[in-house]
Undergrad: 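Please find one structure pasted underneath; my questions will follow.
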Amino acid sequence: AMSLAAILCVGIGMFPDLLYRMLPADIAYSAYDATHVLAQTQLLFFSALAFVWLNLRNMYPPELRSVNLDVEWLYRRAAPTVWTRLSNLVHDIDLRIRATVSLGASKFTPVFAQWFSEQGTLSRAASIGNLTAGIILVLLILIWLG
């Protein structure tokens, strides 16, 4: 983006007539006539002269050593800090959830073993009528919830 802007600036500066032709109204303006060039050169010369004069008189403010905080601070310092804290928080929550699930699973393991063992309640042979009634019950619950 900056390269494109620089190319446009140089191009418009070298060929201002191309820009003027794109404007909706005709313009009678010359960017490089003598008065315009002289006025801009004077502004540039006298502003440079003011800086040199202030510097020679030791009136120019000294350079202060400081830290310049720009937008890059957000992704260099703030984002990693926030990411680390967030990942630590998620890790702590994950550990607590895993501990709770593990505790709950250890309480239900004997019950599941009783239900699904070879002699368990859900391992016995069932009649077609009982299976059909169970499927209808599940479908009715799903219809009622949906």
Undergrad: Over 60° means perpendicular and under 30° means parallel, so classify the ring planes of Trp115 and Phe112, tilted if in between.
TA: perpendicular
Undergrad: If Ile, Leu, Val, Met, Phe, Trp and Tyr residues are connected whenever their side-chain heavy atoms lie under 4.5 Å apart, and connections chain through other members, are Leu44 and Leu49 in the same group?
TA: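 No; Leu49 is not reachable from Leu44 via cluster members.
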Undergrad: Would you compute the distance between atom OG1 of Thr81 and atom CG of Leu74 and round it to the nearest 0.5 angstrom?
TA: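 Between Thr81 OG1 and Leu74 CG, I get 11.0 Å after rounding to 0.5 Å.
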Undergrad: Would Phe45 end up clustered with Val52 when hydrophobic side chains under 4.5 Å apart are linked, directly or stepwise?
TA: no
Undergrad: With a 4.0 Å cut-off, would you call Arg98 and Asp94 a salt bridge?
TA: yes
Undergrad: To the closest 0.5 Å, what do you measure between CG (Asn88) and OG1 (Thr84)?
TA: 6.5 Å
Undergrad: Is there a path of hydrophobic side-chain contacts, each under 4.5 Å between heavy atoms of I/L/V/M/F/W/Y residues, joining Phe15 to Leu23?
TA: no
Undergrad: Are Leu56 and Met59 grouped together when hydrophobic residues (ILVMFWY) are joined by side-chain heavy atoms under 4.5 angstrom apart?
TA: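 They do not share one cluster, since no chain of ILVMFWY contacts under 4.5 Å joins Leu56 to Met59.
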Undergrad: So, taking the atom named CG in Leu142 and the one named CG in Leu137, what distance separates them when rounded to the nearest 0.5 Å?
TA: 9.5 Å
Undergrad: Rounded to the nearest 0.5 Å, how far does CG of Leu103 lie from CZ of Phe108?
TA: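 So the CZ of Phe108 and the CG of Leu103 are separated by 10.0 Å.
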Undergrad: Taking the side chain as everything from C-beta on, heavy atoms only, tell me whether Tyr29 gets closer than 4.5 Å to Pro16.
TA: no
Undergrad: Between atom CD1 of Ile12 and atom OH of Tyr20, what is the distance when rounded to the nearest 0.5 Å?
TA: 9.5 Å
Undergrad: Out of curiosity, does Val71 fall in the hydrophobic cluster containing Leu69 (side-chain heavy atoms, cut-off under 4.5 Å, transitive links)?
TA: yes
Undergrad: Can you tell me how far the CG atom of Leu43 sits from the CG atom of Leu38, to the nearest 0.5 Å?
TA: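 The CG atom of Leu43 sits 10.0 Å away from the CG atom of Leu38.
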Undergrad: Are more than 12 heavy atoms from other residues, nucleotides or ligands located less than 6.0 Å from atom CG of Asp26?
TA: no
